[in-house]
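Structure first, commentary second.
Below, each value reflects all heavy atoms present in this structure, side chains not excepted, and no hydrogens, waters or symmetry copies. By convention here, the first residue in the shown sequence is residue 1.
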Amino acid sequence: MAFTREQICELASAKLRAAASQLPSMKALVGLDGFVDEIIAVVEKRHGHETYDAVPTIERFNAKVAEAIGQSGNYELVVKHKKLGGNGPIMANALASLGVSVTYLGNLGYPQIHPVFEELAKKAHVISIGEPAHTDALEFADGKLMLGKLTPLNEVNWDNLLARVGEEKLKALIGQSKLIGMVNWTMLPHMSRIWARMLDNIIPNIERHNRKLFIDLADPEKRTHEDILDAMKLLTRFQDQVDVILGLNLKESVEIADVLGLPGKSDPEGSIEEVARAIREKLHLSCVVIHPRRSAAAAVEGHSARFPGPFVEKPKISTGAGDHFNAGFALGQVLGMSLEESLCVGVGVSGYYVRTAISPSAQELADFVAKLPAAQ
């Protein structure tokens, strides 16, 4: 039986309300990156000490950069906000705000936690193994440019995990978690080795139960096809031990489809449900979900779905929107919601966040999701 958008929203909202009291007993382990994010505007024209016009679009910024070819360019950057960053910390913060009992494992500052992660440390149990990396996030009306300083991410490696966490504790953390999120594979140069060692030493010793492993590659364009294919093979190996959810944005879905030898689409955004099915079948994963800015689609064995989101023309913040979607969708799946309901929760968490720059509680999300039909 097919449900209307309004019915899906009503069901998702009701299930969120019903589950809210149980979320503090649901354990999640998320990692492994950590960034200090500076949200930045590029100045187009300055009118005074406090007033300026920002460069409105990436297209306009591209034109300004092109004008400097053969000469030079000087671009003023205004830091609008400094916050915790990285796919993992943002996803973990969103889950903790919803009420989930989160343990975060990553590079949040060592031996002392960096100040931007102090709020996360109040909501979740944090285990840090290194210093955070840094991102300058240049935000425009039509997208964002993420400029990363990544050297500290070399500390996120298997030997450091064993030295600063320990193999037995890692087994315990994974064993007690209903949701495991391992994200930002692209920027973590040792992630594939960590996955391989986990597959050899950790996962086989943990009893399989209704546990979800959420993976976000985080824009793999700069990695070689061989690296990406090796990572995909590791995900297929994980599926033998735990249900794997692979989360992709639109650009990532096109890149992964190309690496896997799947046929290209003339309208990638219009084809996201079909592409999700094709990638899932190729990799034999439990679920693949794709989330462009205006909608999202997901596929499991024998079923797929698409759900339009509450698109915001001028978001209060856009950096971290995808990680909030991931938190919502993964939570819906762990709670046993349908694909449609999980997509609704995902776009709900993301939609709430980009409107308010705040991660919602379960009650706030339930209220917001109930109003989604009117917001579309």
Can a donor-acceptor pair be found, under 3.5 Å and without considering hydrogens, that links the side chain of [X] to the backbone of [Y]?
X: Asp136; Y: Leu147; result: no
X: Asn154; Y: Thr151; result: yes
X: Glu364; Y: Ser361; result: yes
X: Ser128; Y: Gly130; result: yes
X: Ser13; Y: Cys9; result: no
X: Ser271; Y: Pro268; result: no
X: Arg280; Y: Ala299; result: no
X: Asn160; Y: Ile129; result: yes
X: Glu341; Y: Ser338; result: yes
X: Thr236; Y: Leu283; result: yes

Self-check item: Flag if over 12 foreign heavy atoms under 6.0 Å of CD, Glu59
Solution: no
Exercise. May I ask you to check whether over 12 heavy atoms, not counting those of Glu67, lie within 6.0 Å of atom CD?
Key: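 Enclosed.
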Polar contact flag, side-chain donor to acceptor under 3.5 angstrom, [X]-[Y]:
X: Arg223; Y: Thr186; answer: no
X: Glu139; Y: His81; answer: no
X: Ser295; Y: Arg306; answer: yes

Side chains of [X] and [Y]: does their closest heavy-atom pair fall under 4.5 Å?
X: Ser350; Y: Phe329; value: no
X: Asp37; Y: Lys82; value: no
X: Asp219; Y: Glu252; value: yes
X: Met191; Y: Val156; value: no
X: Phe35; Y: Leu153; value: yes
X: Glu340; Y: Arg5; value: no
X: Leu105; Y: Val30; value: no
X: Asp33; Y: Pro89; value: yes

Exercise. Check step by step if side-chain contact (heavy atoms from CB on, under 4.5 Å) holds for Tyr110 and Arg164.
Key: CA-CA 10 Å; Tyr110 191 86; Arg164 295 179 177 174; 3.4 Å; yes
Any chain of hydrophobic side-chain contacts (each under 4.5 Å) joining [X] to [Y]?
X: Val100; Y: Val345; value: yes
X: Leu248; Y: Phe238; value: yes
X: Phe117; Y: Val183; value: yes
X: Val369; Y: Val312; value: no
X: Leu262; Y: Leu235; value: yes

Quiz item: Do we get Arg237 above Trp195's six-membered ring, with its NZ or CZ under 6.0 Å from the centre and within 45° of the axis?
Solution: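 Cation-pi check for Arg237 and Trp195: fails.
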Quiz item: Could Arg293 and Phe311 be counted as a cation-pi pair, given that NZ or CZ must be under 6.0 Å from the ring centre and within 45° of the axis?
Solution: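 Negative - Arg293 is either too far from the ring of Phe311 or too far off its axis.
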Exercise. Grab the two heavy atoms, one from Tyr75 and one from Val65, that are nearest each other, plus how far apart they are.
Key: OH-CA, 3.3 Å
Quiz item: How close do Ser286 and Gln239 get, heavy atom to heavy atom, and via which atoms?
Solution: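 Ser286 and Gln239 have their closest heavy atoms at N-OE1, 2.9 Å.
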Self-check item: Pair Lys80-Glu38, salt bridge (charged side-chain N to carboxylate O under 4.0 Å, His left out): steps then yes or no
Solution: CA-CA 7 Å; Lys80 300 190 293 181; Glu38 293 192 356; over 6 Å; no
Charged N-O contact under 4.0 Å between [X] and [Y]:
X: Arg211; Y: Asp243; value: no
X: Glu167; Y: Lys171; value: yes
X: Glu273; Y: Arg277; value: yes
X: Glu44; Y: Lys64; value: yes
X: Asp142; Y: Arg60; value: no
X: Asp53; Y: Arg46; value: no
X: Glu119; Y: Lys123; value: no

Quiz item: Tell me, which pairs form a ring pair (Phe, Tyr, Trp, His ring centres under 6.0 Å) where one or both residues lie in residues 124-158, sequence neighbours left out?
Solution: Phe61-Phe140
Quiz prompt | ring pair (Phe, Tyr, Trp, His ring centres under 6.0 Å) contacts touching residues 275-299 (sequence neighbours left out) | solution = His291-Phe325
